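Since the structure is predicted, the reported quantities are computational estimates derived from the model, not experimental observations. Just so we're on the same page: letters track the sequence lines, and every chain starts at 1.
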2 protein chains.
Amino acid sequence: MSSQNPNARTRILNAAWNLLEKGGSKVRMSDIAKAAGVSRQAVYLHFPSRAELLIETTRHIDEAKAVDDRLAPSRAATNGRERLQLFVEAWAGHIPEIYGVGRALMAMQDNDEEARKAWGDRMQAVRHGCAAAVSALAADGELRSGLTEEKATDLLWTLLSVRNWEQLTLEAGWSQEEYLTALKDLAFRGLTDTAD
Amino acid sequence: MSSQNPNARTRILNAAWNLLEKGGSKVRMSDIAKAAGVSRQAVYLHFPSRAELLIETTRHIDEAKAVDDRLAPSRAATNGRERLQLFVEAWAGHIPEIYGVGRALMAMQDNDEEARKAWGDRMQAVRHGCAAAVSALAADGELRSGLTEEKATDLLWTLLSVRNWEQLTLEAGWSQEEYLTALKDLAFRGLTDTAD
DNA sequence: TCAAGAACTTGACACTGTGTAAAGTTGACA
DNA sequence: TGTCAACTTTACACAGTGTCAAGTTCTTGA
């Protein structure tokens with residue numbers, strides 16, 4: 001029973017990731033332990049609670065998926081419209097990667113203050129990205145009249161929510177491609193005066 | 001300990017409604033029983049499970065709030081644009097009324113098939129309303145080119161989701177008024193070629 | 001080579017909330 | 001007076017999280 005290649009902590013994180021990605025949603029600590037080839041108690045040796053484990057799993061995914069690289073093109077955009085488009089593309093592409101854990105974390109929000117805060121922080125980060133795109137749009141004078149930067153940010157942030165992705169792809173059956181074009185469209189129509 | 005005015009069943013439904021509206025979200029069967037002035041077991045005499053109780057509570061609210069009356073103006077609209085506007089107003093106005101129970105029901109979806117189906121049914125009913133509005137719009141030739149009725153319906157349905165209402169009002173702090181105008185705006189911009 | 005310690009395992013238990021079961025109480029009504 | 005329905009009280013099974021304590025095994029360093 002010697003430990004496999006990566007250390008136990010990493011194996012646990014990978015196990016959690018895999019199981020949550022399959023989406024069974026009812027992923028218990030014991031399931032994760034079993035998948036990691038470790039006892040249930042060993043999981044608590046590395047993570048104090050289920051919430052912490054899930055939060056660490058999102059960090060683990062971010063690292064593996066190089067989230068920052070994904071956002072780089074958007075930050076390098078030379079005008080507001082380009083920035084908005086690239087930001088939407090980046091985030092929309094990232095959603096499916098974190099959806100599994102995100103779903104579990106969202107489900108815990110009512111019971112677990114820690115989980116609530118962790119997921120809230122992540123969503124605030126997305127909001128910052130939205131604010132930057134809106135700000136670039138405003139700088140170009142492209143922001144629709146009758147819309148403050150604040151409100152435009154909230155609107156974009158809401159359009160890009162994980163729940164909306166979930167509803168359109170998983171419930172309504174849209175392809176990722178359809179989702180992406182519809183959302184870019186909606187963002188431009190909602191935030192600017194001339195659609196792209 | 002004689003029973004108060006309304007019969008126990010009604011008192012339980014009202015208690016559930018009240019508690020869920022306050023939003024504590026962690027509303028247990030025992031909380032509801034206590035608020036109804038009844039033993040926890042008595043609740044099970046009237047409702048087989050927590051899911052059933054919540055579902056019955058939504059029906060109870062519908063009855064009390066006369067949901068159908070709310071939709072009537074929309075159905076009586078004489079053109080597509082009017083129909084869309086009135087539908088959005090009706091549903092947007094109804095969301096705060098059912099949000100408390102809706103939240104609890106949404107939280108149960110992962111664990112409880114019954115709850116999943118019940119909430120899903122309600123959301124399908126909303127989708128039908130969306131479809132009717134989109135259809136009226138299409139009949140007037142007002143539906144944006146490049147958008148099928150199906151896709152337009154999904155889009156509207158998603159815009160009008162309870163989660164979006166939750167995010168904009170409860171999380172972003174918008175007033176109901178701000179939410180309503182922004183959503184009407186977004187719906188017209190997203191579905192038609194000329195904004196209202 | 002032995003001792004210490006880190007990393008784990010095994011097994012037991014407390015806690016919460018849902019749902020089930022059974023026996024007792026109360027009031028209305030025939 | 002007796003019976004039925006509506007309720008109460010008490011007890012328990014079950015799932016899943018998290019805690020605790022006592023082993024085992026493997027490594028490392030004096």
Electrostatic pair [X]:[Y] at N-O distance under 4.0 angstrom:
X      : Y      : value
B:R9   : B:E56  : yes
A:R144 : B:D185 : yes
B:E97  : B:R70  : yes
B:R116 : B:D112 : no

Nearest 0.5 Å please: distance from the OH atom of A:Y179 over to the OG1 atom of B:T158. 10.0 Å
Test applied, side chain to side chain contact (heavy atoms under 4.5 Å, CB included); reference residue, A:L20; option that passes from A:I98, A:T58, A:L105, A:L54: A:L54
Picking from D:dT8, D:dT17, C:dT9, the nucleotide nearest the side-chain atoms of B:A42 would be D:dT8
Would you kindly give the [atom1]-to-[atom2] distance between [X] and [N], to the nearest whole Å?
X      : N      : atom1 : atom2 : answer
A:K34  : C:dT9  : NZ    : P     : 14 Å
A:I12  : C:dA7  : CD1   : C1'   : 11 Å
A:D110 : C:dG17 : CG    : C1'   : 15 Å
B:D112 : C:dG19 : CG    : C1'   : 12 Å
B:R9   : D:dA5  : CZ    : P     : 18 Å
B:N111 : D:dT17 : CG    : C1'   : 14 Å
B:L53  : C:dG17 : CG    : C1'   : 15 Å
B:E52  : C:dT18 : CD    : P     : 16 Å

N/O (side chain, B:H46) to phosphate O (OP1/OP2, D:dC7) under 4.0 Å: yes
Taking all non-hydrogen atoms of both residues, which atom of B:L186 and which atom of A:G190 are closest, and how far apart? CD1-CA, 3.7 Å
Pairs touching residues 32-51 of chain A that satisfy salt bridge (charged side-chain N to carboxylate O under 4.0 Å, His left out), sequence neighbours left out: none
If we fit an axis to the first five pairs and another to the last five of the helix from C:dT1-D:dA30 to C:dA30-D:dT1, what angle do they make, to the nearest 10°? 20°
For the residue pair A:W165 and A:Y99, categorise the inter-ring angle as parallel (less than 30°), tilted (30 to 60°) or perpendicular (more than 60°). tilted
If you restrict it to nitrogen or oxygen atoms, what contacts under 3.5 Å exist between nucleotides 19-24 of chain D and the protein, and what is each distance?
| unit_1 | atom_1 | unit_2 | atom_2 | d |
| --- | --- | --- | --- | --- |
| D:dT19 | O4 | A:Q41 | OE1 | 2.9 |

